[in-house]
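What follows is a short report on a single structure.
Chain letters run A, B, ... following the sequence lines, proteins first and then strands; every chain starts at 1.
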Protein chains: 2
Amino acid sequence: MEKPDKRNSILTAAEELFSDLGYEGTSTRQIAKEAGANMSMISYYFGSKEGVFLEIMNRRMENFKAELTIIDEYQIPPMEKLFKVIEGYTTKILSNISFHKMMHRELSLAQRPEMYCKLKEAMSGNLNVIEKIIHQGIAEGSFRPVDIRMLIASIMGTITNVATMPSKITEGSILDITIPKDREILTQRLIIHLTDLVNTYLTPKK
Amino acid sequence: MEKPDKRNSILTAAEELFSDLGYEGTSTRQIAKEAGANMSMISYYFGSKEGVFLEIMNRRMENFKAELTIIDEYQIPPMEKLFKVIEGYTTKILSNISFHKMMHRELSLAQRPEMYCKLKEAMSGNLNVIEKIIHQGIAEGSFRPVDIRMLIASIMGTITNVATMPSKITEGSILDITIPKDREILTQRLIIHLTDLVNTYLTPKK
DNA sequence: CAAAACTAATCAATCGATTGATTGATTTTT
DNA sequence: AAAAATCAATCAATCGATTGATTAGTTTTG
């Protein structure tokens, strides 16, 4: 016997719809229809449309954080740490594009102050780890002195650009990030590019 | 004597609201109120809410394009071209953040196919200019061979990251991109970082 | 053990509020 | 006076949310 489990199907449907159409662009009727559930199930399980949104964000955020702080503990050179952070971050984001789109829109619009703060907090937590690593590298002389915040903007921005930009925009490229196989290829290509970029940029000239 | 010019005040109000609240998150009543105009003025001048949106986007896009193609014509080394492109692009985007936010959301959501195509076209036009320059540099040996598309993603992504991310996220930084004076500082800092980054990354190792 | 009581999950129907848009009358400009 | 611009009032449609009723599964009771 199959379990309907409308609760999860609502979350799944809502995440995709929010990601594709935006929060305001998605109606509770669409969510219910897509989830194969009755509208009232949304209120029943999550209280409101915003409740669904918050549940999705909180879930994904929990799964997202931490990870990076562990890498910082490793006893390896800063450059190796940076590589691991880049690999971890890229993989995470490219395998959760829907959430990443939602998150970015949330930070850009800044309408739900509570959620905004949570995201900001989670975000700057990750930022600080990266900043610390780069700072350490510069201090010990294994990195060139650079504008740390701007370099982080480059790293984050590159990943976001690949993740959110419609792949069709890169004309000629047949890769489509919505296709799992292509996404895997893109992920590796992005990791290679970013590690090459920061390595070249941060390695002191002889 | 002041001219009411409701038409323009509607466009101005709508651009800011669309940028802050998103397209679906903005109501025609808000636009009218903010513009100090009657609701029906929106239909009168633009036909519909979407008409307002399209007018804003088309205006800004016209103003945005071209510029880059001229740079490509200059008789200067590829690296100098790239610097000029970066400077021009960065300045343009950071002085039109509202439009840039709208544009990115439009590309991310892809709901109005017609507008989406226009934006894609304008975007890939700019991309191709940059690609051509980098390609030329690699061909003549003044650039290292790199993943061109990914490098472009880094350049664009960095600018977008600085432009769309709430400045508060960079804790410690007191710079607020919404304040003109701070924005000017950030713009210069961003240009310096990007030129330094691409210069270091593209210059062949001796 | 079986009847009764309770609970979680689901549904169709409907609520008041808000949406984008339009109307016809009125004012301003030319 | 003709044209252009503006207004208050109103439209049908859709929004998010709630209601009361129903079902199925579990617990408690006698």
Side-chain angles (χ1 to χ4, degrees), chain A residues 1-59 102 105-106 109-116, chain B residues 1-59 102 105-106 109-116:
Chain A
M1 184 55 187
E2 49 171 339
K3 264 200 173 182
D5 192 9
K6 310 268 173 172
R7 193 178 196 281
N8 270 322
S9 50
I10 287 175
L11 287 175
T12 305
E15 178 165 342
E16 187 172 328
L17 287 169
F18 284 155
S19 171
D20 290 344
L21 309 174
Y23 178 80
E24 282 83 7
T26 303
S27 74
T28 53
R29 284 170 174 80
Q30 281 176 287
I31 297 174
K33 188 173 183 180
E34 195 69 25
N38 187 278
M39 270 191 62
S40 57
M41 287 297 93
I42 292 172
S43 305
Y44 181 71
Y45 283 119
F46 309 101
S48 66
K49 176 183 173 181
E50 183 164 337
V52 178
F53 180 83
L54 296 178
E55 173 91 8
I56 294 173
M57 297 299 278
N58 284 327
R59 272 199 181 192
M102 288 171 64
R105 242 173 263 138
E106 191 65 15
L109 294 178
Q111 280 167 316
R112 281 156 287 273
E114 187 194 348
M115 177 51 54
Y116 176 83
Chain B
M1 182 55 187
E2 50 171 340
K3 262 198 174 182
D5 194 6
K6 311 262 175 173
R7 194 177 195 280
N8 269 322
S9 52
I10 287 176
L11 287 174
T12 306
E15 178 165 340
E16 187 172 328
L17 286 169
F18 285 156
S19 171
D20 291 344
L21 310 174
Y23 178 80
E24 281 84 7
T26 303
S27 73
T28 53
R29 284 171 175 80
Q30 281 176 286
I31 297 174
K33 187 174 183 180
E34 194 69 25
N38 188 278
M39 266 192 66
S40 55
M41 288 296 94
I42 292 173
S43 305
Y44 183 70
Y45 284 119
F46 310 102
S48 68
K49 177 183 174 180
E50 183 163 340
V52 177
F53 180 83
L54 296 178
E55 173 92 6
I56 294 172
M57 296 301 275
N58 284 326
R59 272 199 181 192
M102 286 172 65
R105 242 173 264 139
E106 191 65 14
L109 295 177
Q111 279 166 318
R112 281 157 287 274
E114 187 195 347
M115 178 51 53
Y116 176 81

**Asked** What orientation do B:Phe18 and B:Phe53 show, parallel under 30°, tilted 30 to 60°, or perpendicular over 60°?
**Response** perpendicular
**Message:** Is the shortest side-chain heavy-atom distance between A:Asp20 and B:Leu109 below 4.5 Å?
**Reply:** no
**Message:** Looking at B:Ala13, is its backbone amide N or carbonyl O close enough to the side chain of B:Glu16 to form a donor-acceptor pair, meaning the two atoms are under 3.5 Å apart?
**Reply:** no
**Complete:** Between CZ of A:Phe46 and P of C:dT10 the distance, given in whole Å, is 11 Å
**Prompt:** Do NZ/NE/NH1/NH2 and the carboxylate oxygens of B:Glu24 and B:Arg105 come within less than 4.0 Å?
**Reply:** no
**Prompt:** Rounded to the Å, how far apart are B:Leu54 CG and C:dG20 C1'?
**Reply:** 15 Å
**Length of the line joining B:Glu50:CD and C:dT19:P, which is rounded to integer Å** = 18 Å
**Asked** Is there a side-chain polar atom (N or O) of A:Tyr45 under 4.0 Å from OP1 or OP2 of C:dT10?
**Response** yes
**Residues from residues 12-28 of chain B lying under 4.0 Å of DNA chain D - heavy atoms** = none
**Prompt:** Can you list the steps and then say if B:Arg7 with B:Glu55 is a side-chain contact (heavy atoms from CB on, under 4.5 Å)?
**Reply:** CA-CA 11 Å; B:Arg7 194 177 195 280; B:Glu55 173 92 6; 3.5 Å; yes
**Complete:** In whole angstroms, the gap separating C1' of D:dA4 from NZ of B:Lys6 amounts to 14 Å
Review item, nucleotides 8-11 of chain D N/O atoms under 3.5 Å of protein N/O:
from  : atom 1 : to      : atom 2 : distance (Å)
D:dA8 : N7     : B:Asn38 : ND2    : 3.3

**Message:** Without decimals, in angstroms, what is the distance between A:Tyr44 OH and C:dT10 C1'?
**Reply:** 9 Å
**Message:** For the backbone of B:Tyr23 and the side chain of B:Lys49, can you confirm whether one donor and one acceptor N or O come within less than 3.5 Å of each other?
**Reply:** yes
**Message:** Using only atom types and a distance under 3.5 Å, with no angle test, would you say the side chain of B:Thr26 pairs donor to acceptor with the backbone of B:Leu17?
**Reply:** yes
**Message:** In this structure, how many angstroms lie between the P atom of C:dT19 and the CD1 atom of B:Ile31, rounded?
**Reply:** 11 Å
**Prompt:** Okay, side chain of A:Ser19, backbone of A:Glu15: is any donor-acceptor separation there less than 3.5 Å?
**Reply:** no
**Asked** Of all the nucleotides listed (C:dT10, D:dA17, D:dA5), which has the minimum atom distance to the side chain of A:Ser43?
**Response** D:dA17
**Prompt:** What integer distance in Å separates A:Met41:CE from D:dT23:C1'?
**Reply:** 12 Å
**Prompt:** Rounded to whole angstrom units, what separation is found between the CD1 atom of A:Ile42 and the C1' atom of D:dT19?
**Reply:** 16 Å
**Message:** So does B:Gly36 get a backbone contact from the side chain of B:Lys6, meaning a donor-acceptor N/O pair under 3.5 Å?
**Reply:** yes
